[in-house]
Q: 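Just dropping this structure here.
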Amino acid sequence: MSLDLSTLQSAIRNPQSAMRSILHIDMNAFFASVEQRSDPALRGKPIAVVGSERRGVILSPSYEARAFGVKTGMQYHEARNLCPDIVLVPASPGKYSSACKQLITIWERFTPLVELFSIDEAFLDVTGCESLMGDPVQIAVRLKNEIWEIMGLTCSVGIARNKLLAKLGSDMLKPDGIVLISPGDEQEVLEDLPVKELCGIGPSLTHQLAAMGIRTCGELGRAPLAKLTAPFGILGERLRDMGRGIDDDPVVSRAEQDEEDSKSVGHSMTLDQDCGELEMIQRHLLQLCEKVGRRLRRGGYTGRTVSLTLRYADFQTFSRQQRLPRPVEHGLDIFATASAILARISLDQPVRLVGVSVSSLERHMSQVPLFSDERKRKFTTEAMDDINDRYGDFTVTWGTLAERYQHERVISPAWRPGGDREY
């Protein structure tokens, strides 16, 4: 008996079908574990994967480092104060993407409904798989064993009737745990749980809810709808559902994800130092726009909407966008729009992170431009792309970036195996 994707999707998304069984897989200290697996000298030692050796935050501490209190997002000096012997290991995106692809192959042996949530997390809908593989807990045990035997990596698994609760479950017993949140236990689990523990409720929203006297999921679920929609609009209804453990979002297969991902292409970077100088921010911006333009051309896309994202030193993050009269694919065109957006923003604080994306994408049919200047730029760009594809990013670049600092690559949050967003 085979697992057919279309049959499973039809049954799972039918309101009359049986209650769903969702697994959330969270790989334990993924980057650090992959590094320790590839280098035996790092095994058993407190290590932390970092994106830049000069400035930044801890991307992934090993569990040996976590025992000293080292956490993801911590500054280097804080980590060293807690663990003087910690080993900082530069990130190796190729290793992590390769390991993730191997994980996907394993996951898809259990169900075709696999939604990659990030490079080290995934949702699996195993509804209807019980007759072949056992109940969801048995499936989780088999899955964990297979990952360990094949890859030597551990994971935590949350099991519930929806993605929201499955994600919560995987966070409750780390490392290497399995947590089942049964329908009869949901309200007990949520009643005194701080709202910040729910995926999607960050520090800002937690603070806003606290100001309204809402601190636990139980309080959020019982809050009058009008009280929530007044400050949050339509999001208020979603928040109350979350407090009650309600989440109807389906697990989106990889094929569907790839289609959704093609709607935008973007890139961001955390700066070596918080920066308030417009000229320096623009230099970083140009570098990002060149990356985005190159990825657009590689995927055969053009786009009509350019978005600029900034994060201040206090981690406040916001985005602005502009719709263009004609589609663009060239880094300089993207930069012209992003720079114009930046000029309209009054910076309240130094900037910590800069991001650029292009959306409203269209498939681009390449043709020779009519005008001489356009032909020269097209051929120059194609030559630069060919050299950079062969020898690495920015081997050839514009003079403005010739003296740029070398910003080490890290895995983008928008990473997908294959496709336009792999790095």
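When a residue number appears, it is its place in the shown sequence, counting from 1.
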Q: Within the supplied structure, the quantity of interest is the number of heavy atoms (other residues, nucleotides, ligands) at a distance under 6.0 Å from Lys227 NZ; does it exceed 12?
A: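 Enclosed: over 12 neighbouring heavy atoms sit under 6.0 Å from NZ of Lys227.
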Q: Does CD in Glu146 sit with more than 12 non-hydrogen atoms of other residues, nucleotides or ligands closer than 6.0 Å?
A: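 Counting other residues, nucleotides and ligands, CD of Glu146 exceeds 12 neighbours.
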Q: Give me the atom names and distance for the closest heavy-atom approach of Ser253 to Leu113.
A: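 Shortest heavy-atom separation between Ser253 and Leu113 comes out as CB-CD2, 4.2 Å.
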Q: Please evaluate residues Tyr63 and Lys174 with respect to the criterion side-chain contact (heavy atoms from CB on, under 4.5 Å), reporting the C-alpha separation (whole Å), side-chain torsions for both, the decisive distance (0.1 Å), and the verdict.
A: CA-CA 10 Å; Tyr63 276 95; Lys174 289 187 175 182; 4.1 Å; yes
Q: Find out whether Cys199 and Phe117 are in side-chain contact, i.e. whether some heavy atom of one side chain is under 4.5 Å from a heavy atom of the other.
A: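 A side-chain contact under 4.5 Å exists here.
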Q: Could you tell me whether Arg244 and Glu186 have a side-chain N and a carboxylate O separated by less than 4.0 Å?
A: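 No.
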Q: List the atom of Ser268, the atom of Gly355, and the distance in Å for their closest heavy-atom pair.
A: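 Heavy atoms of Ser268 and Gly355 come nearest at CB-CA, 3.7 Å.
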Q: Distance from Ile281 atom CD1 to Leu288 atom CG, nearest 0.5 Å?
A: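 Between atom CD1 of Ile281 and atom CG of Leu288 there are 11.5 Å.
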Q: Checking side-chain contact (heavy atoms from CB on, under 4.5 Å) for the pair Leu190/Leu198: CA distance, chi angles, key distance, verdict?
A: CA-CA 10 Å; Leu190 292 170; Leu198 292 179; 4.3 Å; yes
Q: Can you tell me if Ser97 uses its side chain to pair, donor with acceptor, with the backbone of Gly94 under 3.5 Å?
A: yes
Q: Say whether, by atom type as modelled, one donor and one acceptor occur between the side chain of Arg66 and the main chain of Pro61 under 3.5 angstrom.
A: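 Yes, the answer is positive, given that a donor and an acceptor are paired below the 3.5 Å cut-off.
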Q: Measuring from Tyr301:OH to Leu361:CG, what's the distance to the nearest 0.5 Å?
A: 7.0 Å
Q: Between Ile159 and Ile178, is there a side-chain heavy-atom distance shorter than 4.5 Å?
A: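 Yes, their side chains come closer than 4.5 Å.
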Q: Would you say that more than 12 heavy atoms from the other residues, nucleotides or ligands in this model lie under 6.0 Å from the NZ of Lys196, or not?
A: no
Q: Taking atom types as modelled and ignoring hydrogens, do the side chains of Gln322 and Arg304 form a donor-acceptor contact shorter than 3.5 angstrom?
A: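 Side-chain D/A pair, Gln322 to Arg304: absent.
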Q: Do the side chains of Val49 and Ile58 get nearer than 4.5 Å, heavy atoms only?
A: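 Contact flag for Ile58/Val49 side chains = no.
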Q: For the pair Asn162 (side chain) and Gly245 (backbone), establish whether a donor and an acceptor sit closer than 3.5 Å, ignoring hydrogens and angles.
A: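 Yes, because the side chain of Asn162 sits within donor-acceptor range (under 3.5 Å) of the backbone of Gly245.
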Q: Of Ile139, Leu143, Val251, which is the lone residue that meets side chain to side chain contact (heavy atoms under 4.5 Å, CB included) with Leu124?
A: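 Passing option: Leu143.
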Q: Report yes if some heavy atom in the side chain of Tyr76 is under 4.5 Å from a heavy atom in the side chain of Val50; otherwise report no.
A: yes
Q: Main chain of Lys95, side chain of Ser98: is a donor-acceptor contact present, judged purely on distance under 3.5 Å?
A: no
Q: Please check this pair: side chain of Tyr312 against backbone of Pro350, looking for a donor-acceptor N/O pair closer than 3.5 Å.
A: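 No; judged by distance alone, with no hydrogens or angles, the pair does not exist.
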Q: Going by an N to O cut-off under 4.0 Å, is there a salt bridge joining Glu329 and Arg298?
A: no
Q: Hey, what do you get for CE (Met151) to OG1 (Thr105), rounding to the nearest 0.5 Å?
A: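 With rounding to 0.5 Å, CE (Met151) is 9.0 Å from OG1 (Thr105).
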Q: Determine whether the side chains of Ser264 and Ser359 contain a donor N or O and an acceptor N or O closer than 3.5 Å.
A: no
Q: Check for a donor-acceptor pair, side chain of Thr216 on one end and backbone N or O of Pro194 on the other, with a separation under 3.5 Å.
A: no
Q: For the side chain of Glu237 and the backbone of Ile234, is there at least one donor-acceptor N/O pair under 3.5 Å apart?
A: no
Q: Do you know which two heavy atoms are closest between His24 and Phe123, and how far apart they sit?
A: CD2-CE2, 3.4 Å
Q: Between Ser92 and Glu35, does any side-chain donor sit less than 3.5 Å from a side-chain acceptor?
A: yes
Q: Under 6.0 Å from the CG atom of Asp176, do we count more than 12 heavy atoms belonging to anything else shown?
A: yes
Q: Scan side-chain atoms only and decide if Asn28 and Ser156 contain a donor-acceptor pair under the 3.5 Å cut-off.
A: yes
Q: Under 3.5 Å, side chain of Lys144 to main-chain N/O of Thr154, donor-acceptor pair present?
A: no
Q: Quick one: does any side-chain atom of Arg320 pair with a main-chain N or O of Ile345 as donor and acceptor, under 3.5 Å?
A: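 Judged by distance alone, no pair lies under 3.5 Å.
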Q: With a 3.5 Å cut-off and no angle check, do the side chains of Arg323 and Ser360 form a donor-acceptor pair?
A: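 Present: a donor and an acceptor within the cut-off.
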Q: Can you check whether Pro327's main-chain N or O pairs, donor with acceptor, with Thr302's side chain at less than 3.5 Å?
A: no
Q: Compare every heavy atom of Val292 with every heavy atom of Val265, then report the nearest pair and how far apart it is.
A: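 Closest approach of Val265 to Val292, heavy atoms only: O-CG1, 3.7 Å.
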Q: Quick one: does Arg20's side chain get under 4.5 Å of Asp125's, heavy atoms only?
A: yes
Q: Can you tell if the side chain of Ile25 reaches within under 4.5 Å of the side chain of Glu121, non-hydrogen atoms only?
A: no
Q: Can you tell me how far CZ of Arg344 sits from CD1 of Ile341, rounded to the nearest 0.5 angstrom?
A: 6.0 Å
Q: So Val356 and Ile334, side-chain contact (heavy atoms from CB on, under 4.5 Å) or not? Walk me through it.
A: CA-CA 9 Å; Val356 178; Ile334 300 168; 3.9 Å; yes
Q: Heavy atoms, side chains only, cut-off 4.5 Å: are Cys217 and Met242 in contact?
A: no
Q: NZ of Lys45 to CG of Asp85: how many Å apart, nearest 0.5 Å?
A: 10.0 Å
Q: For Ala91 and Tyr96, work out which heavy atoms get closest and say how close.
A: CA-OH, 3.6 Å
Q: Kindly compute the distance separating CG (Asp247) from CG (Leu168), expressed to the nearest 0.5 Å.
A: 11.5 Å
Q: Hey, mind stepping through Met74 and Asn81 against side-chain contact (heavy atoms from CB on, under 4.5 Å) and telling me if it holds?
A: CA-CA 11 Å; Met74 185 173 282; Asn81 286 340; over 6 Å; no
Q: Looking at every heavy atom in both Ala65 and Ile86, which two are closest together, and how far apart are they?
A: CB-CD1, 4.0 Å
Q: Between Leu228 and Leu209, is any pair of side-chain heavy atoms under 4.5 Å apart?
A: yes
